[in-house]
Amino acid sequence: MSNLSTKIGSVQLANPIMPASGTFSEDLAQVFDLNRLGALVAKTITREIRNGNPTPRICEVRGSMMNAIGIPSKGVDYFRTNSLPFYAQFTPPLVASISAPSVDEFARICEEITMPGVTAIEVNISCPNIEEDGKAFAMRPSTALAVMKKLRSATDLPLWAKLTPNTGEPAEVAQACEEGGANAVVTANTLLAMAVDIRTRKPKLGNVMGGLSGPSLKPINLRMTYQCAKAVNIPVIGCGGIATLEDVLEYLMVGASAVQVGTSTFVNPTVMVDLVDQLDAYMRENHINDLSEIIGSVRDKEAADAVFFQEAAE
Amino acid sequence: MSNLSTKIGSVQLANPIMPASGTFSEDLAQVFDLNRLGALVAKTITREIRNGNPTPRICEVRGSMMNAIGIPSKGVDYFRTNSLPFYAQFTPPLVASISAPSVDEFARICEEITMPGVTAIEVNISCPNIEEDGKAFAMRPSTALAVMKKLRSATDLPLWAKLTPNTGEPAEVAQACEEGGANAVVTANTLLAMAVDIRTRKPKLGNVMGGLSGPSLKPINLRMTYQCAKAVNIPVIGCGGIATLEDVLEYLMVGASAVQVGTSTFVNPTVMVDLVDQLDAYMRENHINDLSEIIGSVRDKEAADAVFFQEAAE
Amino acid sequence: MTQATHHTATAPAAGALSVFAADCTVKYNAPVNAEYGHLIVDAPDSILGCEPGQFVQILCPVNSSEQPYLRRPMSIYSYDREAGTLGIIYKIVGQGTKALTKLKVGDPINIMGPLGTGYEVKPEWNHILLWGRGVGLASLAPLAVEAAKAGKKVTTIYSARSKAVQLPIDQFEQPGATVITVTEEEGNSGLDNIRRMVEEQIKENGVDAIYTCGCDLALIELKDVCRIYNVPGEVALEQRMACGLGIGQCCSRPFAVEGDIVHKRVCKEGPVFKILETLV
Amino acid sequence: MTQATHHTATAPAAGALSVFAADCTVKYNAPVNAEYGHLIVDAPDSILGCEPGQFVQILCPVNSSEQPYLRRPMSIYSYDREAGTLGIIYKIVGQGTKALTKLKVGDPINIMGPLGTGYEVKPEWNHILLWGRGVGLASLAPLAVEAAKAGKKVTTIYSARSKAVQLPIDQFEQPGATVITVTEEEGNSGLDNIRRMVEEQIKENGVDAIYTCGCDLALIELKDVCRIYNVPGEVALEQRMACGLGIGQCCSRPFAVEGDIVHKRVCKEGPVFKILETLV
Ligand SMILES: Cc1cc2nc3c(=O)[nH]c(=O)nc-3n(C[C@H](O)[C@H](O)[C@H](O)COP(=O)(O)OP(=O)(O)OC[C@H]3O[C@@H](n4cnc5c(N)ncnc54)[C@H](O)[C@@H]3O)c2cc1C
Ligand SMILES: Cc1cc2nc3c(=O)[nH]c(=O)nc-3n(C[C@H](O)[C@H](O)[C@H](O)COP(=O)(O)OP(=O)(O)OC[C@H]3O[C@@H](n4cnc5c(N)ncnc54)[C@H](O)[C@@H]3O)c2cc1C
Ligand SMILES: Cc1cc2nc3c(=O)[nH]c(=O)nc-3n(C[C@H](O)[C@H](O)[C@H](O)COP(=O)(O)O)c2cc1C
Ligand SMILES: Cc1cc2nc3c(=O)[nH]c(=O)nc-3n(C[C@H](O)[C@H](O)[C@H](O)COP(=O)(O)O)c2cc1C
Ligand code: FES
Ligand code: FES
């Protein structure tokens with residue numbers, strides 16, 4: 001068995017495969033042994049009790065899906081009394097995920113969720129900031145910095161900033177998160193998208209627009225992972241469209257220290273366990289002893305083949 | 001035969017189907033009669049003679065592709081003496097596409113390309129602005145406004161601003177273009193993405209990153225088309241991942257007055273002609289006499305079905 | 001609408017696997033008529049540990065014309081633990097179900113299940129009434145079989161558009177069972193007429209519980225009937241699904257529970273719900 | 001590198017269609033050996049109006065394991081206008097070619113062609129020499145056939161890794177033709193050895209032109225040979241392609257033309273290029 005372990009700051013993971021928030025719940029324990037995962041990442045919760053968006057909340061697009069679930073939440077108390085004891089049955093570290101519509105509310109839930117049993121806090125700053133113009137905190141470096149600073153002072157637990165691909169400045173946002181005190185960035189959430197049912201002429205989602213996830217998102221979030229890994233010194237956790245071992249390796253090679261798997265679990269419920277096994281087999285076959293030999297190993301500085309050709313001929 | 005004609009400002013098109021810049025050339029005349037198209041859109045040209053990027057310039061990702069061609073250009077003279085006479089053999093209006101790395105250079109080529117035979121000018125402002133921080137003009141409202149104002153004073157021809165999805169503020173950018181004097185916006189160009197060959201650990205594109213196009217892009221650029229159509233009063237031309245009649249209808253319904261078809265032509269070289277025929281058949285079958293009955297007809301104000309359910313029960 | 005509350009997740013105990021995704025083998029796949037297909041697969045015991053009203057999620061095959069991505073939920077139409085087979089009836093509507101029609105005997109097909117919460121039949125109940133419409137009949141079929149096995153009397157009213165698109169009713173023709181088929185074509189499938197039949201059954205034969213699937217209008221009528229005659233009733237509902245496992249809260253629907261509006265997941269707390277809790 | 005210049009597009013006249021995308025029917029599809037497959041399709045006359053060295057773009061089928069998106073370029077290995085057939089030899093490497101192995105006789109498959117610029121053989125040339133490596137032989141096969149038909153003498157050197165992965169050479173065994181096969185296995189496929197054979201042919205039999213495909217190292221040797229002996233030579237190159245039609249400038253490669261570096265499209269000006277213009 002190769003060494004699949006990886007570190008996200010102070011948090012040691014047995015392997016780099018973990019679920020993406022919102023695509024994982026207690027229910028998956030019916031399908032496989034959750035102890036096989038690198039970490040357990042809970043669904044995002046908010047302080048207020050929320051029902052979420054009108055249905056339909058999901059729809060299919062070519063080769064992928066969209067969702068506008070809208071973060072239904074039962075609040076922090078429910079998390080404490082129900083989710084926490086459930087996840088305590090398993091060995092992988094538990095990562096709570098939180099969100100809020102304002103900086104203060106964000107800080108408050110961050111403090112409240114800082115409790116024994118929670119190893120790290122993923123902060124879903126891809127959600128709209130209602131105090132500014134409704135754009136997600138993670139769309140601009142300034143708002144990302146402001147919220148991360150406040151969150152940093154609200155907890156001693158490691159903070160993972162979950163970024164959004166809905167921005168033209170991903171590297172700058174990642175740097176702002178680092179400056180604000182994030183211990184890692186997760187790249188990234190879903191990308192805003194839309195689909196229309198041409199028969200009814202209604203949007204396919206009750207919420208009109210929603211987030212694209214699945215294989216279509218992979219080349220985009222992979223690029224963002226690459227950009228962020230170049231830009232910051234804290235670990236980057238890749239996320240978006242991961243379905244195969246090749247996807248995992250691409251994310252690791254561009255600089256991710258671990259990856260999150262979301263939508264693929266809906267198609268193949270045991271995909272995360274399969275990926276752990278396949279990664280182990282790949283490393284053994286290729287005589288790679290340690291995951292660190294893969295992380296960040298993309299050969300992006302070397303001239304592409306045809307350029308080489310051309311130069312050799314000068 | 002239904003009325004498939006549509007107007008982009010003063011430019012009348014026989015039908016709403018036209019090629020996307022860079023995925024169309026004189027060579028396609030070998031495969032079908034170009035007179036079937038709503039317009040002819042030439043490949044983007046620059047003033048300087050450019051070779052484009054190192055190879056590989058394209059690669060496949062799941063269900064789509066990426067390119068980093070890099071706008072090889074033979075300059076304005078070549079366009080005048082070769083492309084223009086060639087396209088003059090056909091009846092659909094010719095749209096030239098231009099790009100430049102600075103506002104002044106952009107204005108200069110805009111003036112130079114203003115010549116008889118060119119009906120409208122598409123300005124590819126999705127390219128990097130080397131005078132600012134290298135981000136594309138169309139990533140921020142301020143830079144989009146600045147370049148469009150300058151371009152507006154450089155030509156009397158209709159200006160179509162080709163936007164980028166690599167921004168968190170698509171509606172604001174579209175509004176800036178309108179304010180700057182654009183006669184239409186095209187939504188949109190490719191989305192920055194990446195892929196790695198896990199065997200060689202090299203990026204799959206010689207340029208490391210490149211633009212995602214094809215079906216994966218559709219829900220994203222469709223959303224952007226919807227946002228821009230809501231935000232501006234000038235016509236919007238949809239573009240991104242269009243392959244089927246359903247795709248065309250979705251773009252029209254969210255507010256596009258016409259659409260551009262790019263990558264699909266690589267897979268099915270006659271797809272644009274097929275789409276014109278299918279649109280005509282669809283309109284006849286559904287007793288739609290005029291394209292205006294489809295454009296912008298999305299029922300986004302109506303409660304989604306399940307909400308209706310819920311409210312009815314209150 | 002009163003203050004929002006939520007479904008109470010019954011979290012599984014660690015280590016107790018109860019849902020399985022398995023490569024099954026196509027044993028039979030043929031059209032029932034122009035609109036429906038009937039698929040039977042060799043399935044493992046794990047999935048066959050199912051109950052009437054549960055469903056499976058099918059990973060439909062991909063080909064050059066159809067590229068479904070998510071799994072598709074399908075009611076379990078029949079299961080036979082001895083023969084090791086599972087059957088579904090699918091209405092051919094889009095990408096996924098069109099792709100199903102192309103499956104050939106011997107082809108592999110990945111099926112996940114059993115999923116959701118099925119119908120409740122109390123041991124003391126003797127006569128149950130089923131009202132199915134269209135492909136809704138699929139969900140009710142195992143219920144008819146199991147109830148008959150348990151010695152109960154089953155009356156089924158099956159309503160379809162026409163004789164041509166009727167589903168086979170052999171699973172309902174159990175000893176002591178009555179099956180009444182009505183069609184629009186024959187003009188005897190009006191809601192009034194069916195409701196009259198239901199009320200007749202209640203009044204003349206005594207009905208302990210009513211079950212329905214496949215028609216919102218039938219549900220509205222039955223909600224009224226259940227209230228008036230104080231008969232318990234259940235309905236199998238549909239909702240667009242993604243995970244099918246209760247993970248994503250993709251398929252929540254609002255229900256009226258003791259004066260509150262409660263969101264329940266169709267894939268987990270459902271697909272079978274109490275008729276009186278539905279919001280129609 | 002000198003100042004950049006560009007390929008000169010020879011724009012087609014309006015109205016003259018010369019490339020066709022057609023649904024063909026699989027007539028034969030079977031492995032040649034563990035690495036190669038041989039596909040023959042019924043193709044329309046339009047596509048069969050092709051020449052040696054041209055290629056087609058194949059829309060590979062999609063299934064649950066393989067989902068190729070872009071077309072895949074394949075050299076035309078054989079064409080028979082009378083029989084209405086077109087053949088290719090494909091090396092099984094990835095998504096698209098794996099999907100090709102699953103095609104069955106009678107299946108439809110969309111093929112676009114003919115594409116690109118083929119080999120040039122001047123009427124006055126009497127003896128041509130071909131050097132193919134691996135699947136590169138596919139591109140050379142129609143050249144051997146047509147040259148023999150035109151009464152020319154064809155000498156073929158075919159180099160492969162081993163006997164086990166050799167391609168059929170029947171198309172090269174024309175009247176008056178010589179075929180020499182060498183393999184790494186037998187130890188006679190070294191570049192030195194092949195170069196010696198080429199030089200021998202030039203010196204002893206006189207060679208009017210040399211053609212090669214499938215190996216960059218062979219190209220380097222032949223560039224030297226062509227220069228030294230002043231023999232014209234052509235090579236069929238590969239490059240990752242998208243459109244195959246010259247539209248996207250996806251597949252450009254730099255060439256040395258009269259002291260300048262010129263970018264040419266492999267799919268349009270190529271895939272066949274003058275050996276002396278290549279940059280290797
Ligand atoms: C619990 C449950 C049990 C079901 N049992 C059966 C059954 O036994 N037999 C049967 O034929 N069908 C059943 N359905 C419906 C079936 O899942 C859909 O018809 C199927 O997913 C359509 O797939 P498609 O790819 O062919 O169509 P698509 O192309 O996906 O869609 C075609 C149309 O069907 C609608 N649709 C898609 N998915 C669903 C869904 N999950 N629920 C409702 N509408 C949907 C779409 O909005 C669209 O209008 C069941 C659904 C649920 C939720
Ligand atoms: C003009 C031309 C003629 C060709 N003729 C033949 C032929 O007769 N027989 C044959 O077996 N092959 C031929 N090839 C190569 C063939 O196109 C590729 O092997 C094929 O596209 C691989 O497809 P795939 O989906 O199986 O592999 P993929 O999964 O796409 O790729 C597998 C590997 O092949 C490489 N590759 C992919 N596409 C190309 C390409 N277009 N050119 C070079 N490398 C590529 C990839 O980088 C990757 O490393 C030709 C290529 C060109 C450009
Ligand atoms: C149904 C669904 C619900 C989600 N809910 C959340 C959430 O609550 N919090 C969050 O940070 N991300 C959420 N996401 C985003 C995922 O965590 C992930 O970032 C995204 O889906 C991209 O990864 P994927 O392509 O592997 O799914 C959700 C995604 C889906 C599909
Ligand atoms: C090979 C290739 C070359 C392109 N070149 C240009 C270009 O020169 N100018 C431009 O504005 N867009 C260019 N594009 C972008 C397309 O015009 C289009 O906006 C994009 O591909 C999305 O549409 P699609 O998904 O239909 O391809 C190019 C796209 C591709 C795939
Ligand atoms: S389908 Fe995902 S929660 Fe029900
Ligand atoms: S493959 Fe597109 S230009 Fe050659």
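Values below: all heavy atoms of this structure, side chains included; hydrogens, waters and symmetry mates excluded. Every chain is numbered from 1 and lettered A, B, ... according to where its sequence line falls, protein lines coming before strand lines.
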Should the pair [X]-[Y] be classified as a salt bridge under the 4.0 Å nitrogen-to-oxygen rule?
X      : Y      : answer
A:D300 : B:R201 : no
A:E172 : B:K135 : yes
A:D247 : B:R62  : yes

Margin query: Taking side chain as everything from C-beta outward and backbone as N, CA, C, O, which of these in A:L217 sits under 4.5 Å from a heavy atom of chain B? Side chain, backbone, both or neither.
Written below: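 Contact with chain B: none, neither part.
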So, the part of A:I220 with a heavy atom under 4.5 Å from chain B: the answer is both
Interface residue of largest heavy-atom contact number with chain B, from [options], under 4.5 Å:
options                        : answer
A:L212, A:L222, A:V208, A:L192 : A:L192
A:A195, A:G210, A:G63          : A:A195
A:L252, A:V298, A:N286         : A:V298

[X] versus chain A, heavy atoms under 4.5 Å apart: side chain, backbone, both or neither?
X      : result
B:T167 : backbone
B:M66  : side chain
B:L245 : neither

Counting heavy-atom pairs under 4.5 Å with chain A, the top scorer among B:K218, B:E246, B:M224, B:E250 is B:E250
Counting heavy-atom pairs under 4.5 Å with chain A, the top scorer among B:L249, B:V254, B:T200, B:V61 is B:T200
Rounded to the nearest 0.5 Å, the CG atom of B:N166 sits from the CD atom of A:E169 at a distance of 12.0 Å
Value for CD1 (A:I198) from OH (B:Y282), rounded to nearest 0.5 Å, stands at 5.0 Å
Smallest heavy-atom separation, B:G168 atom then A:M139 atom, equals O-CE, 3.0 Å
**Report entry** Side chain to side chain, A:Q227 and B:M209, heavy atoms closer than 4.5 Å
**Finding:**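 The answer is yes; the side chains approach within 4.5 Å.
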